[in-house]
Amino acid sequence: MKKCPNCATIMQDDVNFCTNCGADLRNVAKTAVNRKTFQADVNQSQADFEDESDQEPIDQMQGYWQWLVKSWQHPFTRLPSASWYGAVTLLIEDLLLVLGFYIGLNSYGSQQAFFVNIPFITVFEVLFFVILLEAAFTGVNYLVDRFIYGPKNSFLTFFNHAVQCSNLNLILIAAVFIFMMMGAGGQIFAVILSLISLNLFVLAVQVVLLGDSDPIRDKMYGIMLALFASFMVEIVWLMLAYNTVVLQFITYFSHM
């Protein structure tokens with residue numbers, strides 16, 4: 001571990017700049033820090049951050065932006081965050097993704113001399129199923145986290161850390177939205193970037209799941225359980241989505 005000489009925050013060995021004050025830690029010697037001491041410091045930093053949650057909206061947005069920037073620089077390093085950061089980030093990503101594909105599909109239909117009349121209500125239906133999948137996937141992995149480590153982390157802590165690790169998706173999905181506006185050529189890149197962002201989110205959850213220390217059960221059994229549970233979630237989700245949204249899309253395109 002490293003101790004910041006400026007603010008005394010405890011950092012992981014691979015951190016080069018303090019995530020609390022920005023001080024340069026590259027020349028700071030590594031020290032042996034008890035795991036409980038480190039966790040207590042993280043919890044205190046989080047508590048201090050939450051005490052400032054009654055700030056003005058503009059200050060909260062500045063804090064959110066700083067969290068985003070720091071998460072792009074150090075995705076895995078656990079950063080103090082407000083409880084709403086993860087949910088808002090994921091909602092922004094989902095909205096951009098679903099709206100981008102909705103606008104892009106209708107635009108593609110008009111360019112190809114046919115009109116795909118997809119009702120706008122379908123955006124909310126697809127958005128619901130996307131959020132449902134993310135929530136279920138994160139939820140089963142959180143249960144596996146408790147299986148491996150015990151009740152060490154709350155669901156919000158696990159969820160926000162997973163979203164933080166995948167915050168590069170905000171950039172990728174913004175690019176997806178732009179590419180969907182660019183016609184057939186851009187939409188091919190949009191689909192590719194969408195698949196990359198999906199895998200990045202899955203990878204982020206798995207990294208957070210395996211990245212903690214002091215397990216009470218073997219991590220290998222934990223990841224096997226996570227893979228099985230995630231597979232079952234995907235099967236149930238596909239069945240639900242097919243019987244609602246997918247059949248609607250088949251109907252729309254069959255009447256072109």
#### Entry: Stepwise side chain to side chain contact (heavy atoms under 4.5 Å, CB included) check, Met182 with Phe189
CA-CA 10 Å; Met182 297 171 60; Phe189 287 105; over 6 Å; no
### Query
Under a 4.5 Å side-chain heavy-atom rule over Ile, Leu, Val, Met, Phe, Trp and Tyr, are Phe231 and Met239 clustered together?
yes
### Query
Distance from Leu200 atom CG to Leu195 atom CG, nearest 0.5 Å?
12.5 Å
### Query
Can you find a heavy atom in the side chain of Asp212 that is under 4.5 Å from one in the side chain of Asn153?
yes
### Task
Kindly indicate, with the supporting measurements, whether the criterion side chain to side chain contact (heavy atoms under 4.5 Å, CB included) is fulfilled by Val126 and Tyr102.
CA-CA 10 Å; Val126 174; Tyr102 171 79; over 6 Å; no
### Query
Is the side chain of Ser197 donor-acceptor paired with the backbone N or O of Ser194 at a distance under 3.5 Å, no angle test?
yes
#### Entry: Test ring-ring contact (aromatic ring centres under 6.0 Å, His included) applied to Tyr142 and Phe155, Phe137, Phe159, the passing residue
Phe155
### Task
Determine the minimum heavy-atom distance between Val208 and Cys165, stating which atoms define it.
CG2-SG, 3.7 Å
### Query
Going hydrophobic residue to hydrophobic residue with side-chain gaps under 4.5 angstrom, can you get from Tyr242 over to Ile235?
no
### Query
Under 4.5 Å between side-chain heavy atoms, hopping through other hydrophobics if needed: is there a path connecting Ile58 to Trp67?
no
### Summary
Between the CG atom in Leu133 and the OG1 atom in Thr138, the distance rounded to the nearest 0.5 Å is 8.5 Å
### Query
Once you round to the nearest 0.5 Å, how far does CG of Asp145 lie from CG of Leu210?
9.5 Å
### Query
Do you know which two heavy atoms are closest between Ala204 and Ala162, and how far apart they sit?
CB-O, 3.6 Å
### Query
So, the side chain of Gln164 versus the backbone of Thr77: is there a donor-acceptor pair under 3.5 Å, distance only?
yes
### Task
Evaluate the side-chain proximity of Leu91 to Ile131: yes if any heavy-atom separation is below 4.5 Å, no if none is.
yes
### Message
For the CD1 atom of Ile192 and the CG atom of Leu172, what is their distance to the nearest 0.5 Å?
### Response
12.5 Å
### Task
Would you name the heavy atoms of Ala136 and Val233 that are closest together and state the gap between them?
CB-CG1, 3.6 Å
### Leu25 to Pro5 - nearest heavy-atom pair and separation
CD2-CD, 3.7 Å
### Task
Answer yes or no: is there a side-chain heavy-atom contact under 4.5 Å between Glu93 and Phe201?
no
### Query
Does some side-chain heavy atom of Asp214 sit less than 4.5 Å from a side-chain heavy atom of Tyr149?
no
### Query
Would a 4.5 Å heavy-atom cut-off, applied to side chains only, mark Pro75 and Asn167 as touching?
no
### Task
Could you check Leu79 against His74 for side chain to side chain contact (heavy atoms under 4.5 Å, CB included), going step by step and ending with a plain yes or no?
CA-CA 9 Å; Leu79 304 171; His74 306 287; 5.7 Å; no
### Task
Return the orientation label for the Phe76 and His161 ring planes: parallel under 30°, perpendicular over 60°, tilted otherwise.
tilted
### Task
Indicate if Phe124 and Val88 have the same hydrophobic cluster label, given that clusters are the connected sets of ILVMFWY residues with side-chain heavy-atom separations under 4.5 angstrom.
yes
### Neighbour count above 12 (heavy atom, 6.0 Å) for Asp218 CG
yes
### Query
Are Val69 and Ile92 grouped together when hydrophobic residues (ILVMFWY) are joined by side-chain heavy atoms under 4.5 angstrom apart?
yes
### Task
Compare all side-chain heavy atoms of Leu97 with those of Val176 and state whether any distance is below 4.5 angstrom.
yes
### Task
Without swapping roles, check the side chain of Thr244 against the backbone of Ala241 for a donor-acceptor pair under 3.5 Å.
yes
### Message
Rounded at 0.5 Å granularity, tell me how far OG in Ser71 sits from CG in Asn160.
### Response
11.0 Å
### Query
Does Gln187 use its side chain to pair, donor to acceptor, with the backbone of Phe179 at less than 3.5 Å?
no
### Task
Check whether any side-chain heavy atom of Glu134 lies under 4.5 Å from a side-chain heavy atom of Asp94, and answer yes or no.
yes
### Query
Any idea which heavy atoms bring Ser213 and Lys152 closest together, and the distance?
O-NZ, 2.8 Å
### Summary
Residues Ile173 and Leu96: closest non-hydrogen pair is CG2-CB, 3.7 Å
### Query
If you measure from CD1 on Ile178 to CE on Met180, what distance do you get to the nearest 0.5 Å?
13.0 Å
### Task
Assess whether atom CZ of Phe147 is packed by more than 12 heavy atoms of other residues, nucleotides or ligands within 6.0 Å.
yes
